[in-house]
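Note sheet for the following structure.
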Amino acid sequence: MQKIQTIRTIAQMQSLSKDWKREGKRIGFVPTMGALHEGHLSLVELVRPQCERLVVSVFVNPTQFGPKEDLERYPRNLEGDLSRLAERKVDVVFAPEKGEIYKKEHATYVEVEGLSSVYEGAIRPGHFRGVCTVVAMLFNIIMPDVAAFGQKDAQQAAVLRHLTQDLHFPIRFLVGLTIRESDGLAMSSRNAYLTSAERRKATVLFRALKAGEARIQAGERDGGNVREAMKDVLSGVPEFKPDYNDIVHPESFEKVNEICGDVLLIIAGKIGSVRLIDNLLVQQKT
Ligand code: PAF
């Protein structure tokens, strides 16, 4: 089994990345907060053919959690993560401590305006600012040529694509498909919080998305009717408390009222204390 090098300091990571660049090696990067599952591993598979050196970061980023969110209880298991990455041809796991990334005097934040303040951004104020700040730092530390993010967090992917373009990071931006359990539940590190009863109910998000998709595929063009179709399914599970349930443009996240191109169906909410989000891209047949 391949032994993966774990790097804890920025200086060591940057120096290794510079060596790789000098040798002409293309660097691939998959940022994570650990608690790795098949979704993360699929991103590793997506990036690997496009690079000669591959870095996975494991860092539970405090600035993207709100004061009442699950920063303290977020699952952490670096040893488990390293064993999941074994045999995946990952060269380095970059796993810095909080104080290595955020120095005491840290005062610089990165924000993608507009897109960061709707849907997830409206429910979780400051969340995308934290995500953008840490991802910009990780890009500067790892200096990747290609990086991959999951479609499961569709708005995060759209925000970070914007950031990559706006700040002229010379990075190929890839988005990997959502990986699902056999009953449709999107894989997420937070699924581990669900009790077995909640876990059974959690399939309602995917069922509602599929109901919306079926309406569009049957020719429905009124966004309101598609929203209603999703809502009908969601209301069948009263334990699910939706934050939003909508049809948006896949990149701008503007609400779609009349469907005339590709759209993204998005749902977020809570079952008990566990917050779940999911989405489905519905493409128009040409
Ligand atoms: O998607 C995540 O796990 C995180 O938001 C990311 C991109 C690693 C930044 O902390």
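Small disclaimer: the values here were computed from a predicted structure and weren't measured. Just follow the structure's listing: the first ligand is 1, and inside any ligand the first atom is 1.
Protein heavy atom at the shortest distance from atom 3 (O) of ligand 1 is M33 CG, 3.6 Å. The closest protein non-hydrogen atom to atom 9 (C) of ligand 1 is Q64 OE1, 3.3 Å. What sits closest to atom 7 (C) of ligand 1 on the protein, heavy atoms only, is Q156 NE2, 3.6 Å.
Ring pair F149/F173 is parallel by interplanar angle, where below 30° counts as parallel and above 60° as perpendicular.
A donor-acceptor pair shorter than 3.5 Å cannot be found between the side chains of Y74 and E69.
Shown in contact with P31 at under 4.0 Å from a heavy atom are these atoms of ligand 1, numbered in order with element: 8 (C). Short contacts between ligand 1 and V134, defined as distances under 4.0 Å to a heavy atom of the residue, involve ligand atoms 9 (C), 10 (O). Residue T32 approaches ligand 1 through these ligand atoms, each under 4.0 Å from one of its heavy atoms: 8 (C).
Formation of a donor-acceptor pair under 3.5 Å by the K21 side chain with backbone atoms of M143 is found in this model. N61 contributes a side-chain N or O that, together with a main-chain N or O of G130, makes up a donor-acceptor pair within less than 3.5 Å.
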When you look at F59 and F94, which way does the ring pair (Phe, Tyr, Trp, His ring centres under 6.0 Å) test go after all the steps?
-> CA-CA 8 Å; F59 179 64; F94 178 56; 8.2 Å; no
